[in-house]
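The structure presented is a predicted model; accordingly, all values stated were derived computationally and were not measured. As a basis for the values below, the full set of heavy atoms in this structure was taken, side chains included, without hydrogen atoms, waters or symmetry mates.
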Amino acid sequence: MNLFTERVVAIIKQIPSGKVMTYGQIARLAGSPRGARQVVRVLHSMSKKYKLPWFRVINSKGELGINDQETHEAQVLFLEDEGIEVIDNKRVSLEKYQHHPE
DNA sequence: GGATTGACATCCC
DNA sequence: CGGGATGCCAATC
């Protein structure tokens, strides 16, 4: 567990319900502007061990970006349950739902 | 330790 | 918005 991972986890925990954040944004706040892919890796590790709102983390295009069908399906349900409109069952409006931290 | 890989980002069109 | 090309960084092979 390095500092980067801790910061990423902390940031993800701060995402309010009904909002989403991009990997790049989280990576930047965590101190690694180009560490988006590491954020992905953290999510994979932590989501299986801890209960993080990983479903609120999406990519720049607003896509959910999940590869596994089951996981992807679950994410869509979680987002809709929080009041987020999922377009084409795979995308959301970043302009409306992206969380902008101070 | 080099090559491969991945829930991505950014630029270009 | 969105598909293709290129770049980044760490874990894994």
*Just how far, in rounded Å, is C1' of B:dA9 from CZ of A:R37?*
9 Å

_Among B:dA7, B:dT10, B:dA9, the one nearest A:K61 by side-chain distance_ = B:dT10

*Interatomic distance, A:I26 CD1 vs C:dA10 P [rounded to whole Å]*: 17 Å

*Which part of the nucleic acid, if any, lies within reach of A:G24 when heavy atoms closer than 4.0 Å are counted: base, sugar-phosphate only, or nothing?*
sugar-phosphate

_Euclidean distance, atom CD1 of residue A:I58 to atom P of C:dG2 [Å, nearest integer]_ = 12 Å

*Options B:dA9, B:dT10, B:dC8, nucleotide nearest the side-chain atoms of A:R28*: B:dT10

*Do the side chain of A:R34 and the base of C:dC8 come within less than 3.5 angstrom through a donor-acceptor pair of N or O atoms?*
no

*Determine the interplanar angle of the A:W54 and A:F78 rings, folded into 0 to 90°, and report it as parallel if under 30°, tilted if 30 to 60°, perpendicular if over 60°.*
perpendicular

*Contact under 4.0 Å: A:R41 side-chain N or O vs C:dT12 OP1/OP2*: no

*Under 4.0 Å between any heavy atoms, over every strand shown, what does A:S32 touch: base, sugar-phosphate, or nothing? Just pick one.*
nothing

_Phosphate-side-chain proximity, A:S60 and B:dT10, N/O vs OP1/OP2 below 4.0 Å_ = yes

*Is there side-chain contact between A:V39 and A:I11, with at least one heavy-atom pair below 4.5 Å?*
no

*What's the CE-C1' distance between A:M46 and B:dA7, to the nearest Å?*
15 Å

_Minimum-distance nucleotide to A:Q38 side chain [options: B:dC8, B:dG6, C:dG2]_ = B:dG6

*Nearest-Å distance, NE2 (A:H44) to P (B:dT5)?*
16 Å

*Any idea which heavy atoms bring A:L43 and A:Y23 closest together, and the distance?*
CD2-CE2, 3.9 Å

*Select one nucleotide: of B:dA7, C:dC8, C:dC1, the one nearest the side-chain heavy atoms of A:I66.*
B:dA7

*Charged N to carboxylate O under 4.0 angstrom, A:K19 versus A:E82?*
no

